[in-house]
Asks: 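One structure coming up, written as C-alpha cells, with questions to follow.
Keep in mind that the numbers below use all heavy atoms, side chains included, and drop hydrogens, waters and symmetry copies. Computed from a predicted structure; not experimentally measured.
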Amino acid sequence: METRRLGNSGLRVSEIALGSWLTFGSSVDADRSRDLVHAAFDRGIFFFDSADVYAHGAAEEALGRALRSIPRPHVVIATKCYFPMSEHPNDRGLSRKHIFEGVEASLRRLGTDYIDLHQCHRPDPDTPISETVRAYDDLIRQGKVLYWGVSEWSPTAIAEACRIADACGGHRPISNQPNYSILRRQIEREVVPTCRREGLGQVVFSPLAQGVLTGKYRGGKRPAESRATDAERNHWMAAYLEEDVVERVEGLRPLADSLGISMAQLALAWCLHQPGVDSAIIGVTRLPQLEDNCKASGLELPEAVLTQIDALFPTRA
C-alpha cells in the first residue's frame with residue numbers, strides 16, 4: 001500500500017482509506033467490522049473514515065471497537081459533523097457549540113483521546129465561516145483534533161476559510177472530501193484548482209459510484225444482496241443506474257481486461273491518478289472486495305487508457 005501526504009500538511013495517509021458509511025453499525029455486524037478493519041490494516045490501510053451521523057453514531061462505535069487492539073499512533077482516524085444528531089436546534093451545523101460537543105461525542109464513541117482529522121460534513125449557511133475556523137483552531141490547540149478539513153464545500157468557501165485562518169494566525173483546513181469518480185467529475189473545474197492553490201488534498205468518497213463502476217450491474221442486472229436491491233441504502237444510486245450510464249460503464253471493461261485488472265481497480269487507480277487526490281475511500285462488506293480494492297494502490301495507468309476513459313466520461317460542469 002502506497003502512502004501520500006495529505007495536502008500541504010505533514011500527515012501521511014494510505015492511498016486507500018476504509019470508510020464506514022452504510023456499512024459499520026448497520027449492514028455489517030460488529031465481528032465482521034473488526035475483521036475487515038484488521039484485514040485492511042494488515043494490507044497497509046491505516047486511514048479510517050467515519051462520521052457521527054453514520055448509523056447515528058453506531059458506525060463510530062463499531063470503528064472504535066475494531067481499532068482498539070491496534071496501536072493508536074499507527075492509524076489515522078477521520079470523522080465528521082454537521083448533520084442533525086437530534087431534534088434540538090443546536091445539535092447540528094457548524095457552530096462553535098455543535099463542533100465542540102460533536103467532537104466530544106465522537107471521542108467517546110471512538111474510544112480515543114484525539115481525532116486525527118475532523119471534517120465539516122457539509123457547509124453551514126447559518127454559521128459564519130470565521131466561527132467554524134476559530135472553533136477548530138481552539139480544538140487543535142487543546143489537542144483534541146490534530147487537523148481539520150471540509151466536505152462538499154464550494155471553492156469560494158474553501159478559499160475564505162483559508163484567508164480567515166491566515167488572518168487570525170490559525171490552522172488552515174488540510175483536506176476536502178468530495179464525491180468523485182469517473183462518473184462524477186464536477187470538482188475538476190473549480191474545486192480542485194482552488195484546493196491545490198490553498199494546499200488542501202482530496203480524500204474522495206464514492207470512487208466506485210456506489211459499486212456501479214465495478215461492473216456488477218451489467219445489462220441492468222441487480223445481483224442479490226447488492227446495494228441497488230437494498231431500499232435503505234440505494235437512495236443515491238438512481239442516476240448511476242440509468243441505462244445509458246450502465247452501458248458506458250461497460251466500455252471500461254475491455255480497458256480493465258487489457259491491463260489484467262478488475263474494473264474496481266481501474267476506477268480506483270483512475271481516481272488516484274488525478275491531480276490533487278491523496279486518498280480514495282472504499283466501503284466494503286466482504287473480504288474479497290477489500291483484497292481487490294487494495295490492489296489499486298500503486299497502479300500505473302497508460303496515457304492511452306486515461307484518454308479513452310476521458311472520451312467515455314468527459315468532465316462536466
Asks: Looking only at heavy atoms, which two atoms of Ser14 and Ile45 are closest? And how far apart?
Replies: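 Heavy-atom minimum between the residues: OG-CA, 3.8 Å.
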Asks: Run through Leu18, Leu11, Val203 and flag the one making a side-chain contact (heavy atoms from CB on, under 4.5 Å) with Phe47.
Replies: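 When side-chain contact (heavy atoms from CB on, under 4.5 Å) is applied between Phe47 and each of Leu18, Leu11, Val203, only Val203 qualifies.
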Asks: Check the surroundings of atom CG in Asp113: do more than 12 heavy atoms from other residues, nucleotides or ligands lie under 6.0 Å from it?
Replies: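 Counting neighbours around CG of Asp113, 12 or fewer heavy atoms of other residues, nucleotides or ligands fall under 6.0 Å, so no.
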Asks: So if I apply the side-chain contact (heavy atoms from CB on, under 4.5 Å) rule between Ser297 and each of Arg4, Gln265, Arg43, Met1, which one comes out positive?
Replies: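 Filter result, single survivor: Met1.
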Asks: Could you tell me whether the side chain of Ile140 reaches within less than 4.5 Å of the side chain of Tyr147, counting heavy atoms only?
Replies: no
Asks: With a 4.0 Å cut-off on N to O distance, would you call Arg108 and Glu60 a salt bridge?
Replies: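 Glu60 and Arg108: not salt-bridged.
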Asks: Testing Phe83, Trp148, Trp21, Tyr82 one by one against His121 for a ring pair (Phe, Tyr, Trp, His ring centres under 6.0 Å), which residue passes?
Replies: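 Testing each of Phe83, Trp148, Trp21, Tyr82 against His121, the sole residue satisfying ring pair (Phe, Tyr, Trp, His ring centres under 6.0 Å) is Phe83.
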Asks: Please name the pair of heavy atoms, one in Glu15 and one in Gly298, separated by the smallest distance, quoted to 0.1 Å.
Replies: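 Minimum heavy-atom contact is OE1-N, 3.1 Å.
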Asks: So do the side chains of Ile99 and Cys81 get within less than 4.5 Å of each other, counting heavy atoms only?
Replies: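 Yes, their side chains come closer than 4.5 Å.
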Asks: If every non-hydrogen atom of Cys162 is compared with every non-hydrogen atom of Leu200, which pair is closest and at what distance?
Replies: SG-CD1, 3.9 Å
Asks: Answer yes if the side chains of Glu160 and Thr156 hold a donor-acceptor pair under 3.5 Å, and no otherwise.
Replies: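 No, Thr156 and Glu160 have no side-chain donor paired with an acceptor closer than 3.5 Å.
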Asks: Less than 4.0 angstrom from a charged side-chain N to a carboxylate O is my criterion; do Arg163 and Asp166 meet it?
Replies: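 Not counted as a salt bridge, because no side-chain N and carboxylate O are separated by less than 4.0 Å.
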Asks: If every non-hydrogen atom of Leu290 is compared with every non-hydrogen atom of Leu36, which pair is closest and at what distance?
Replies: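 The answer is CD2-O, 3.7 Å.
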Asks: Kindly assign one of parallel, tilted or perpendicular to the pair His118 and Tyr136, based on the angle between their ring planes and the thresholds 30° and 60°.
Replies: tilted
Asks: Going by heavy atoms in the side chains, are Leu63 and Thr79 under 4.5 Å from each other?
Replies: no
Asks: To the nearest 0.5 Å, what is the distance between CG on Leu6 and OG on Ser175?
Replies: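 If we round to the nearest 0.5 Å, Leu6:CG and Ser175:OG are 5.0 Å apart.
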Asks: Any side-chain heavy-atom pair from Leu252 and Leu213 closer than 4.5 angstrom?
Replies: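 Contact flag for Leu252/Leu213 side chains = yes.
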Asks: Enumerate the residue pairs fulfilling side chain to side chain donor-acceptor pair (under 3.5 Å) with a member in residues 47-58, sequence neighbours excluded, ordered by first and then second residue.
Replies: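 For residues 47-58, and leaving out neighbouring residues, the side chain to side chain donor-acceptor pair (under 3.5 Å) pairs sorted by first residue read Ser20-Ser50, Asp49-Lys80, Asp49-Gln119, Asp49-Gln177, Tyr54-Lys80.
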Asks: Report the C-alpha separation of Leu146 and Leu117 in whole Å, then their side-chain angles, then the decisive distance to 0.1 Å, and conclude whether the side chain to side chain contact (heavy atoms under 4.5 Å, CB included) test is met.
Replies: CA-CA 6 Å; Leu146 303 187; Leu117 176 65; over 6 Å; no
Asks: I'd like to know if Asp244 and Arg248 make a salt bridge, using a cut-off of under 4.0 Å between side-chain N and carboxylate O.
Replies: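 Answer for the salt bridge query: yes.
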Asks: Give a yes-or-no answer on whether the side chains of Thr194 and Glu198 include a donor-acceptor pair shorter than 3.5 Å.
Replies: no
Asks: Can you check whether Phe313 reaches Val249 side chain to side chain, under 4.5 Å on heavy atoms?
Replies: yes
Asks: Testing the basics here: between Ser27 and Arg32, what is the closest heavy-atom pair and its distance to 0.1 Å?
Replies: O-NH2, 3.9 Å
Asks: Is the shortest side-chain N to carboxylate O distance from Arg72 to Asp116 below 4.0 Å?
Replies: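 Asp116 and Arg72: salt-bridged.
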Asks: Any side-chain heavy atom of Ile158 within less than 4.5 Å of one from Pro173?
Replies: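 When only atoms from C-beta onward are counted, Pro173 and Ile158 do not touch, as no gap falls below 4.5 Å.
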Asks: Can Arg34 and Asp31 be said to form a salt bridge (Lys or Arg N to Asp or Glu O under 4.0 Å), step by step?
Replies: CA-CA 5 Å; Arg34 183 185 61 251; Asp31 288 342; 3.3 Å; yes
Asks: If you compare all heavy atoms of Val191 against all heavy atoms of Trp153, which two are closest, and at what distance to 0.1 Å?
Replies: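 Looking at all heavy atoms of both residues, the shortest contact is CG2-O, 4.3 Å.
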Asks: Enumerate the residue pairs fulfilling side chain to side chain donor-acceptor pair (under 3.5 Å) with a member in residues 299-314, sequence neighbours excluded, ordered by first and then second residue.
Replies: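 For residues 299-314: Arg185-Asp310.
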